[in-house]
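The structure under discussion appears below in the form of C-alpha cells.
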Amino acid sequence: MSLDVRRSNLEAQALYRRAGFKEVAVKNAYYKDEDGLEYSYNLVNRNLKKRVEKGWKKIRI
C-alpha cells in the first residue's frame with residue numbers, strides 16, 4: 001500500500017511513520033507548489049495480518 005503526502009505536512013508524516021509506513025521516494029513538484037513524499041507499507045507484514053484477523057472477528061465478517 002502506498003500514499004503521497006506534501007513535504008510540508010509534518011504531522012501526517014509522523015502519523016504514517018508511527019503506523020509503520022516507510023518513506024520510499026521524493027516526487028519533485030508532485031503538487032502544484034511543492035514536492036511530495038511517497039510512503040509505503042508492506043501488507044504482507046505478519047503483525048498487520050494478525051490485527052486484521054482480530055478486527056474481522058470483532059466485527060463478525
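- Across Tyr39 and Val5, no two heavy atoms sit closer than the pair CE1-CG1, 3.6 Å.
- To the nearest 0.5 angstrom, Leu37 atom CG is 13.5 Å from Phe21 atom CZ.
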| request: Quick one: do Met1 and Ser40 satisfy side chain to side chain contact (heavy atoms under 4.5 Å, CB included)? Show the steps, please. | output: CA-CA 6 Å; Met1 173 174 26; Ser40 177; over 6 Å; no

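- Checked against side chain to side chain donor-acceptor pair (under 3.5 Å), Ser2 has no partners two or more places apart in sequence or in another chain.
- Applying the salt bridge (charged side-chain N to carboxylate O under 4.0 Å, His left out) test to residues at least two apart or on different chains, none of the pairs has a partner in residues 9-19.
- Clustering ILVMFWY residues whenever any of their side-chain heavy atoms sit less than 4.5 angstrom apart, transitively, puts Leu15 in the very cluster that holds Leu3.
- For Arg6 and Asp33, the salt-bridge test passes: some basic side-chain N is under 4.0 Å from an acidic carboxylate O.
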What donor-acceptor contacts under 3.5 angstrom involve side-chain atoms of residues 23-30, with partners at least two apart or in another chain?
residue : atom : partner : partner atom : Å
Lys27   : NZ   : Asp4    : OD1          : 3.0
Tyr30   : OH   : Asp4    : OD2          : 2.9

